[in-house]
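Here the structure is laid out as structure tokens; the discussion comes afterwards.
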Amino acid sequence: MALSATPQLAASTSVLLAYSAFLLVSSITPGPNNTMLLASGVNFGLRRTVPHLLGISIGMVVMITVVGLGLGSVFTALPWTWNVLRVAATAYLVWLAWKLATAGGLQDREVSRPMTFLRAAAFQWVNPKAWVMAVGACSAYVLHPNIWVNAALMAVLCGMVNLPSITTWAVFGAGLRRWLANPRVLRAFNVTMALLLLASLWPILGAAPHGG
């Protein structure tokens, strides 16, 4: 019995490590979320960026759960839904880029405010990278044969890996605050981040998630 269980355990560990590595790479690489967190860290500091951080991470956990329970198959059954998402994502990210490029200085609290928890969580549903990550993960990895347990495990691991990964961007941004106190330098930084936010759409919108 013990000998026959060993290969199964090794295979499960292998899938677990592969899934964790996928989450790490997907979470820590540049994209709309991390670009906005870097800019938020610079403009508002780490403490005021915490709701934004938690909104992204919990939003991703909810998305992984829902996709793991079958929502990702909608893109296979109704391919036009991906095109609708592209249009919505493009419009929203262009608006966010404009707001970022025209943001006030570090002391201009009334003109510019950090993204709230709910807005950050809701943003994941129009974030193409988040969809590609969620659908790709749920299509490629199976952590448990029971669909409910599998979705729960994938969601828990997503939260454990995603939050520390994206926090590094906000921390880095907060560390740059003293170097960007000059309003002209800060404006140049925000315009650069806005352009990077728009640029992040290019590779993402060219990809389409496959249902699983």
Separation between CZ of Arg119 and CG of Leu96, rounded to the nearest 0.5 Å: 6.5 Å

Exercise: identify the closest heavy-atom pair between Val185 and Trp179: CG1-O, 4.2 Å

Within-4.5 Å side-chain heavy-atom neighbours: Leu93 and Val126: no

Check: Phe123 and Met36 side chains under 4.5 Å, non-hydrogen atoms: yes

Arg187 versus Ala101, closest heavy-atom pair with distance: CD-O, 3.4 Å

Between CG on residue Leu69 and CD1 on residue Ile64, distance to nearest 0.5 Å: 11.0 Å

Pairing residues for Thr167 by the side chain to side chain contact (heavy atoms under 4.5 Å, CB included) criterion, not counting sequence neighbours: Leu53, Leu163, Val171

Residue pair Thr29 / Lys129, side-chain heavy-atom distance below 4.5 Å: yes

Minimum side-chain heavy-atom gap Ile56-Asn162 below 4.5 Å: yes

For the student: nearest non-hydrogen atoms of Thr49 and Gly41, plus distance: OG1-N, 3.7 Å

ring-ring contact (aromatic ring centres under 6.0 Å, His included): pairs with one or both residues in residues 134-178, sequence neighbours excluded: Tyr19-Tyr141, Phe22-Tyr141

Euclidean distance, Lys99 NZ relative to Thr102 OG1, rounded to 0.5 Å: 6.0 Å

